[in-house]
Amino acid sequence: MSAIYNFCAGPAMLPQAVMQKAQQELIDWNGLGVSVMEISHRSKEFIALTEQAEATLRQLMHIPTNYHVLFMHGGGRAQFSNVVNNFLGDNGRALYLVSGQWSSAAVTEAHKLVGESQIDSLNIVENVDGLNQVNLPDLNAIDKDYRYVHYCSNETVDGIEIFEELDSPWPVVADLSSTIMSHDIDVSKYGLIYAGAQKNIGPSGLSIVIVRDDMLKLPSLPQSSIMDYRIAVEHGSMFNTPPTFAWYLASEVFAWLAANGGVSAMAEVNQQKAALLYDCIDSNPFYKNGVAPHNRSRMNVTFQLVNDALDGEFLKQAEQAGLVALKGHRIVGGMRASIYNAMPLAGVQKLVNFMNQFATQHA
Ligand SMILES: *Cc1c(COP(=O)(O)O)cnc(C)c1O
C-alpha cells in the first residue's frame, strides 16, 4: 500500500517517527517492562519525562522564565471557560476579537459564565470584494479597562490566520490551538497562550497553557480545582491524575521538533507547503479560495470547487489516491487541507498533482 496522507483538521496526523517510537515503547517504556500508561504519574521516571517535556517546549518556543507551562485536561475549549473563571472575578471585563468560528465560540462560552456587561466582543473580519480579510482595530485607541483581550490567531474552520502580533494595552490571551509552533512567536507579548494538543502537539484531551506569573494575581471566580491555574502551578499540573499518555506523546513530538531544526525550520517548510497549495488554487480556474492573501492560513487551507456538484467525486477520487480527510467543516462546506507540522512536503505535492489532474479530467 502506498503512503496515506491525512489532511484531518484534528485530531490530526502525528509525525510518523513519533508514532513508530511509541509503538515500540507501548508495552515496555524506559526499560520498565510496562507502558508509560501503567505507571504512577508521581514515579521518578514520569516526573523526569514531564521535566524534559517542559524544558524542550521552553527551548522550542523561547519561553521566558516568568511564564509557567501547564499541561491541563479538557482540550482547547476547556480554556474558553478557564480564562474567564481565572481572570475575571465578579466585575472584571474582557474584550474578545472575533475572526471566525472558534473565537466566536469562546465568546459564547464566556457569556455563559459572567454577566453580559463583562464581555465585549468586536468582529474583526470584513468581506472586501468577495474576500474575507482581518482588520485589526487600534486597541490603544479604546478607552476602556479590560483584564485581557482574547483572540484566536488561526481560525481552523474558516482558514483565516492573523500573522501580526497584537499591540495591546491589556494582557493578550491567545488561542493558538491550530498554529502553536508552526512559526516563531514572541511569547513575552502574551499574558496567556493556550492550545488544544490534537493539531500540532499530540493526542486530543490535553491542553497546553503558557501563562505569565503576574496574571495569576488577578481575582478569580470559584471553580473546579482541576481547572484553576494557580492550583495547577502549585502542583506541577498534577493536582489530580493528568492524561499521562497524551503528555508522553507530546514530549515525543517536542523532541522530534527539536531534532528536526525546531520551530523556525518547521516555519520554512510550512510556508513552502502553503504557497504550493495556494498557487495551485489561484492558478487553476477550477478552484477558488475566499480569504484575502495576507490572511490565508498556513495550517488550514480551505478551498472550493467552482462547480460544487463535483465535490463528492473529488473526495472519492482523492481518497482512492491516498489523500484523506479533505472534506471542509460542515459549517463552511467545500474542502479543507490541514497541513500542520507533521504533514511532509511530499503530501502537499501529491495533493497538488491530484488537484491539477482532477481539474484537467473534468474541464
Ligand atoms: C480545535 C480547536 C479548538 C477546540 O479544541 P478542543 O480540544 O476540541 O476543545 C479551539 N480553538 C481552536 C482554534 C481550535 O482549532
Side-chain angles (χ1 to χ4, degrees), residues 6-14 70-86 94 96-113 121 123-125 132 134 148-163 165-166 172-183 185 190 192-210 224 226-227 237 242-243 245-247 249-250 253 270 274 291 295-302 325 327-332 336-343:
N6 173 12
F7 294 89
C8 188
M13 70 176 291
L14 290 166
L70 307 174
F71 290 75
M72 300 187 79
H73 299 274
R77 271 184 191 268
Q79 305 311 327
F80 291 178
S81 46
N82 289 356
V83 295
V84 173
N85 287 333
N86 276 275
Y96 280 69
L97 304 182
V98 176
S99 51
Q101 300 294 332
W102 284 117
S103 49
S104 166
V107 174
T108 305
E109 193 70 14
H111 276 307
K112 281 174 73 175
L113 299 166
S121 69
N123 177 33
I124 58 168
V125 173
N132 288 323
V134 173
Y148 62 84
V149 54
H150 178 282
Y151 87 118
C152 173
S153 72
N154 186 62
E155 290 284 359
T156 318
V157 172
D158 312 81
I160 292 176
E161 188 159 355
I162 301 169
F163 296 101
E165 267 150 8
L166 295 194
V172 176
V173 170
D175 177 358
L176 302 194
S177 292
S178 50
T179 190
I180 191 165
M181 289 188 288
S182 65
H183 62 94
I185 59 163
Y190 297 81
L192 182 142
I193 288 167
Y194 64 85
Q198 70 273 28
K199 278 80 184 222
N200 245 341
I201 293 174
S204 60
L206 174 73
S207 50
I208 305 286
V209 174
I210 301 165
S224 157
I226 65 165
M227 293 303 184
S237 306
F245 189 69
W247 204 331
L249 263 188
V253 170
N270 287 335
V291 182
N295 289 123
R296 285 172 164 185
S297 171
R298 286 187 197 145
M299 294 285 102
N300 310 97
V301 178
T302 51
K327 196 173 166 47
H329 191 279
R330 66 196 139 73
I331 298 174
V332 297
R336 172 175 53 176
S338 294
I339 50 174
Y340 303 115
N341 287 344
M343 174 61 69

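Atoms within each ligand, like the ligands themselves, are counted from 1 in listed order.
- The closest side-chain donor-acceptor pair between N154 and N300 falls under 3.5 angstrom.
- Heavy atoms of Q198 come nearer than 4.0 angstrom to ligand 1 in at least one pair.
- Heavy-atom separations between C152 and ligand 1 include at least one value shorter than 4.0 Å.
- The single protein non-hydrogen atom nearest to atom 5 (O) of ligand 1 is G76 N, 3.5 Å, given as residue, atom name and distance.
- Remark: ligand 1 and T156 share an N or O pair separated by less than 3.5 Å (distance only, no angle test).
- Using a 4.5 Å heavy-atom cutoff, the side chains of V157 and R336 are in contact.
- The N/O atoms of G75, backbone and side chain alike, include none that comes under 3.5 Å of an N/O atom in ligand 1.
- Looking at N154, V157, N200, D175, it is D175 that brings a heavy atom closest to atom 11 (N) of ligand 1.
- Panel note: side chain E155, backbone I160; no donor-acceptor pair is recorded below 3.5 Å.
- With respect to atom 9 (O) of ligand 1, the closest heavy atom belonging to the protein is R77 N, 2.7 Å.
- Here I210 contributes atom CD1 and L176 contributes atom CG; the two are 7.5 Å apart, rounded to the nearest 0.5 Å.
- Neither the backbone nor the side chain of A105 comes within contact range of ligand 1; no heavy atom lies under 4.0 Å.
- From the protein, the heavy atom lying nearest to atom 14 (C) of ligand 1 is K199 NZ, 3.0 Å.
- Note: F71 and W247 have parallel aromatic rings, judged against thresholds of 30 and 60 degrees for the angle between ring planes.
- Screening R77, Q79, H73 for a side chain to side chain donor-acceptor pair (under 3.5 Å) involving S207 leaves a single residue, Q79.
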V173 vs Y194, side-chain contact (heavy atoms from CB on, under 4.5 Å): CA-CA, chis, key distance, verdict: CA-CA 8 Å; V173 170; Y194 64 85; 4.1 Å; yes
